[in-house]
Amino acid sequence: MKGVLGRSALRGLLPSLRVPDSRWLMRPNSGGSSWTQERTLVALKPDGIQRRLVGAVIQRFERRGFKLVEMKMLQAPESILAEHYQDLQRKPFYPALIIYMSSGPIVAMVWEGYNVVQASRAMIGHTDSTEAASGTIRGDFSIHISRNIIHASNSVEGAQREIQLWFQSSELVNWAEESSHSSSYPA
Ligand code: UDP
Ligand code: MG
């Protein structure tokens, strides 16, 4: 059976099927819609700080195209760690995890961008460093599950909860990209 529309009718319809502006596809953040504003919590753990990996990690997220919205170095209070890892409290490794996370300062960051929660999980790699693929942060910089360098939220809901836990809403910065600042020289 023939289609309902003939070729000429289809041709007449095609101009109305407009391809989105390519700039819009490349820079979804500039659209301003809420789905582009996904945020996640990423934290360099104490071994990441000791091993001077803060810059390397930030560089990976910036190169990928994500936007740094907040960052601070702090000695994690045990009360916050207990809430952060509340789902793991019955695990045998929990006491060692809290000691590890309290063993030095951490760097907590909020990153923003399209699909940033899922993308950052892929970027950090498998929880167990021995399983983490090369090219991932854990796969490139760590060898053991108990010293795996970095944390990233594992769901959009988890990210919202963790960002609220680690940052006051007044601390979160909303900065817009300004073309006048995209060069190292004054305009
Ligand atoms: N962890 C550990 N031993 C384990 C499992 C987890 O020391 O057998 C630690 C490790 O630092 C991990 C953290 O507990 O990153 C949180 O575990 P989770 O399963 O949430 O992994 P993640 O979300 O960090 O990949
Ligand atoms: Mg987790």
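Counting starts at 1 for both ligands and their atoms, following the listed order.
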Return the closest protein heavy atom for atom 24 (O) of ligand 1 as residue, atom name and distance. R138 NH2, 3.0 Å
Would M109 and L68 count as a side-chain contact (heavy atoms from CB on, under 4.5 Å) here? Give the steps. CA-CA 7 Å; M109 298 174 270; L68 185 58; 4.0 Å; yes
Describe, in one word, how the ring planes of H84 and H151 are oriented to each other, choosing from parallel (under 30°), tilted (30 to 60°) and perpendicular (over 60°). perpendicular
Please report which non-hydrogen protein atom sits nearest to atom 9 (C) of ligand 1, along with the residue it belongs to and the distance in Å to one decimal place. L97 CD1, 3.8 Å
Please check whether S146 reaches ligand 1 - meaning an N/O of the residue sits under 3.5 Å from an N/O of the ligand, judged on distance alone. no
Output the list of atoms in ligand 1 that are nearer than 4.0 Å to some heavy atom of Y85, sorted by atom number. 16 (C)
Would you say the side chain of I145 lies within less than 4.5 Å of the side chain of T127, judging by non-hydrogen atoms? yes
So for K45, does at least one of its heavy atoms come nearer than 4.0 angstrom to any atom of ligand 1? yes
Test of understanding: given a 4.0 Å heavy-atom threshold, classify the contact between T127 and ligand 1 as side chain, backbone, both, or neither. both
Is there a nitrogen or oxygen of R121 sitting under 3.5 Å from a nitrogen or oxygen of ligand 1? yes
Counting neighbours of CD on Q89 that are heavy atoms of other residues, nucleotides or ligands and sit closer than 6.0 Å, is the number greater than 12? yes
Decide yes or no on side-chain contact (heavy atoms from CB on, under 4.5 Å) for W111 and E62, but give the supporting numbers first. CA-CA 9 Å; W111 287 91; E62 285 194 332; 3.6 Å; yes
So is K45 actually on top of Y100's ring, under 6.0 Å and inside 45° of the axis? no
Flag yes if more than 12 heavy atoms outside Q75 fall under 6.0 Å of its CD atom; otherwise flag no. yes
Just to check, does N154 reach to within less than 4.0 Å of ligand 1 when the distance is taken from its heavy atoms? no
May I ask which of L88, I145, I124 has a heavy atom nearer to atom 17 (O) of ligand 1 than the others do? L88
Using distance alone, decide if ligand 1 has a nitrogen or oxygen within less than 3.5 Å of any nitrogen or oxygen in H151. no
Which atoms of ligand 1 are found less than 4.0 Å from any heavy atom of N148? 10 (C), 11 (O), 12 (C), 15 (O)
among protein heavy atoms, the one nearest atom 3 (N) of ligand 1 is F93 CG, 3.5 Å
Atom pair CE/CG of M71 and L44 - distance to nearest 0.5 Å: 9.5 Å
